[in-house]
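A short worksheet on the structure shown next.
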Amino acid sequence: MAVLVALAACLAGPAPAAQAAVPDSPAVTYTNPIAEKRADPHIFKHTDGYYYFTATVPEYDRIVLRRATTIQGLSTAQEVTIWTKHSSGVMGAHIWAPEIHFIDGKWYVYFAAGATNDIWAIRMYTLEGTGANPLTATWAEKGQIKTQWESFSLDATTFVVNGVRYLSWAQRDPSVNNNTDIYLAKMANPWTITGTPVMLSRPTYSWETVGYKVNEGPAVIQRGGKVFLTYSASATDSNYCLGMLTASASADLLNAANWSKSSTPVFTSNARTSQYGPGHNSFTVSEDGKSDILVYHDRSYKDITGDPLNDPNRRTRVQKVYWKADGTPDFGIPVADGVTPQRLSSYNFADRFIRHWEYRARVEANVSPLADSQFRVVTGLTGSGTVSLESANFPGYYLRHKNFEVWLEKNDGTAQFASDASFYQRAGLSDSAGVSYESYNYAGRYIRHYEYLLQVQALSTATDRADATFYAQ
């Protein structure tokens, strides 16, 4: 009997490939930039289904808000001025880096401001808003957030870990020859800190001290029992970049020894994608709540004439945050303007993603750098009805088949290249929740992985179809 069972199994052919789970975090697509001439962006998703967006305006004279039910919708949403600088005295100049939060039933906006008689006397202030919609709420000034010194301070943000609310900000230590460090303290109420602040990070690495010795713009994201605090470093030109601190959520966050600091920046300028000086970020979540979204500003050019503070062209941008196997965030690179890229994981090898390696396309786990596994799904080079897969970190390079092998190559403008790099995007052959890509010029041949290399092949078995099915993430 055992022999007959074995023989029957052989005659039936190979068993279908095991199905990978549908990803917890499916692809999200946005078109950058979200807003021109809006720096230091902060996007907050509220329980009312709206995203609320505020940012520094280049005139440095007011606080504005937009709202929309989608992140993309913020691009065209009406903008309302909720507060204008004072005509004299404090809060009369350099209105910078507003953030909007909803705490205990009221709205709060944190911002920095100088004074009319000393525009560099930058301090942190709070507005309190009463009303369901902050664009029409009644706003009251709660005054300056007092810290351990009367010194240059800005970029307040607030977050909660294990039921405790904290404030983090950037401030100049009067006894140290630098610009700003990152500080943390508990809060007594939404406009008051309590206890002794702790200094978490000081600009000491070379990438933190270009132009100015700066750590500023803290932002917090939490996942898997860890607290990740990103911050911006160096001058606000093309040298601006993000660093990151990490702590266990169960640790005493007011003990600086419990935080580790990345020795290299985690997000920097990228000449290939024409993105320069990415920084002053915040975090939000996608519309379905399943993806973390990095919100930041940058410029589309490197060289600036004069003081970068006088250049108005920092733009608000967004892109998905990916998570490494070790539980740490991977921000990748600031992606090119236009549609944001996605990743494509294998249906039958859940941890493997399509990536290019020495220009050959393959599937691989733990891809580094991340951008090798990111592709923009754009209108096909042969025209509508097809799609082409453009490399995130080599714009103008596309996945194309050559001798039925899939390579990443630069578009040479020929009809042959366009045909080889165009595909019909189909519902996944093994799971309609996935995608499969049929060759434009070889009907019935699909992109599939075979021994981890991508080919364009005709499919006949369940395994073939599984190898040709991918999930967009």
Side-chain angles (χ1 to χ4, degrees), residues 17-30 286 288 290-291 319-325 330 332-333 335-336 338-381 386-395 397-401 405-409 420-440 445-457 459 463-473:
Q19 178 179 350
V22 176
D24 292 333
S25 179
V28 292
T29 300
Y30 303 106
S286 60
D288 62 8
K290 295 180 178 180
S291 294
Q319 61 190 72
K320 181 170 176 170
V321 177
Y322 291 92
W323 294 90
K324 299 179 185 177
D330 194 337
I333 61 174
V335 299
V339 64
T340 53
Q342 53 190 249
R343 305 178 80 199
L344 294 163
S345 63
S346 166
Y347 165 88
N348 47 0
F349 293 94
D351 64 340
R352 290 182 176 265
F353 291 83
I354 293 178
R355 63 102 35 107
H356 58 84
W357 173 255
E358 296 184 345
Y359 301 104
R360 184 69 167 92
R362 57 184 297 124
V363 292
E364 192 171 282
N366 301 315
V367 178
S368 182
L370 172 74
D372 281 0
S373 63
Q374 289 180 290
F375 298 89
R376 304 207 304 171
V377 181
V378 298
T379 300
L381 297 180
T386 62
V387 299
S388 293
L389 301 174
E390 183 183 14
S391 168
N393 53 350
F394 289 91
Y397 285 67
Y398 296 82
L399 293 183
R400 61 87 56 99
H401 63 80
E405 298 175 343
V406 180
W407 292 77
L408 183 75
E409 292 190 356
D420 292 348
S422 294
F423 302 89
Y424 294 106
Q425 183 169 292
R426 311 294 194 193
L429 297 175
S430 287
D431 182 357
S432 60
V435 293
S436 294
Y437 293 100
E438 183 182 6
S439 170
Y440 167 79
R445 286 181 176 261
Y446 288 79
I447 294 178
R448 61 87 56 96
H449 59 81
Y450 184 76
E451 294 183 347
Y452 304 124
L453 296 175
L454 291 196
Q455 322 276 349
V456 171
Q457 293 183 353
L459 311 174
T463 297
D464 292 346
R465 291 187 290 274
D467 290 349
T469 302
F470 303 91
Y471 291 119
Q473 297 195 41

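Here, residue 1 is the first one in the sequence, and each next residue gets the next number. Scope of the values below: all heavy atoms of this structure, side chains included, with no hydrogens, waters or symmetry mates.
- The backbone N or O of L381 lies less than 3.5 Å from a partner atom in the side chain of S388, making a donor-acceptor pair.
- Of the inter-residue distances, the one linking S373 atom OG with E364 atom CD reads 9.5 Å to the nearest 0.5 angstrom.
- The neighbour count for W357 CH2, taken as heavy atoms of other residues, nucleotides or ligands under 6.0 Å away, does not exceed 12.
- Side-chain contact check for L389 versus V377: some heavy-atom pair is nearer than 4.5 Å.
- Considering all non-hydrogen atoms of both residues, V363 and R352 come closest at O-NH1, 3.3 Å.
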For R355 and R362, what are the C-alpha separation, side-chain angles and deciding distance, and is it a side chain to side chain contact (heavy atoms under 4.5 Å, CB included)? CA-CA 6 Å; R355 63 102 35 107; R362 57 184 297 124; 3.9 Å; yes

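- Donor-acceptor pairing under 3.5 Å is lacking for the side chains of E409 and Y398.
- Between Y359 and Y397, the ring planes are parallel. Angles under 30° get that label, and only those over 60° would be called perpendicular.
- Within a 6.0 Å radius of CG in D24, no more than 12 heavy atoms belonging to other residues, nucleotides or ligands are found.
- With values rounded to the nearest 0.5 angstrom, L399 atom CG is found 8.0 Å from S391 atom OG.
- A side-chain donor-acceptor contact under 3.5 Å links Q319 to the backbone of I333.
- Checked by atom type, the side-chain pair D464/Y446 shows no donor-acceptor distance below 3.5 Å.
- Between T29 atom OG1 and K320 atom NZ the span is 9.5 Å, to the nearest 0.5 Å.
- Counting all heavy atoms, side chain and backbone alike, L459 lies closest to R448 at CD2-CG, 4.1 Å.
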Give the C-alpha distance, both sets of side-chain angles, the deciding distance and a yes or no for side chain to side chain contact (heavy atoms under 4.5 Å, CB included) between L453 and R360. CA-CA 8 Å; L453 296 175; R360 184 69 167 92; 3.7 Å; yes

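- With values rounded to the nearest 0.5 angstrom, D431 atom CG is found 6.0 Å from Y347 atom OH.
- Considering all non-hydrogen atoms of both residues, V456 and V406 come closest at CG2-CG2, 3.8 Å.
- For the atom pair CG of L408 and CD1 of I354, the computed distance is 12.0 Å after rounding to the nearest 0.5 Å.
- Nearest approach of F353 to S345, heavy atoms of both residues: CE2-CB, 3.6 Å.
- Counting heavy atoms from C-beta on, the side chains of V28 and T340 never come closer than 4.5 Å.
- A donor-acceptor pair under 3.5 Å is formed between the side chain of S436 and the backbone N or O of L429.
- The closest side-chain heavy-atom distance from N393 to Q374 is not below 4.5 Å.
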Evaluation steps, side chain to side chain contact (heavy atoms under 4.5 Å, CB included), between D467 and N348: CA-CA 7 Å; D467 290 349; N348 47 0; 2.6 Å; yes

Going through the distances and angles, do Y424 and Y437 end up as a side chain to side chain contact (heavy atoms under 4.5 Å, CB included)? CA-CA 6 Å; Y424 294 106; Y437 293 100; over 6 Å; no

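- Closest approach of K290 and P26 over heavy atoms only: CD-CD, 3.9 Å.
- Scanning both residues, S439 and H401, for their nearest heavy atoms gives OG-NE2, 3.4 Å.
- For the pair R343 and Y322, the distance from NZ or CZ to the six-membered ring centre is under 6.0 Å and the angle to the ring normal is within 45 degrees.
- Counting heavy-atom neighbours within 6.0 Å of D351 CG, excluding the residue itself, gives a total above 12.
- One N or O on the side chain of T469 and one on the backbone of S430 form a donor-acceptor pair closer than 3.5 Å.
- Annotation: side chain of E405 is in contact with side chain of Q455 (closest heavy-atom distance under 4.5 Å).
- Taking the six-membered ring where tryptophan is involved, the planes of H356 and F394 are perpendicular, since the angle between them exceeds 60° and thus also 30°.
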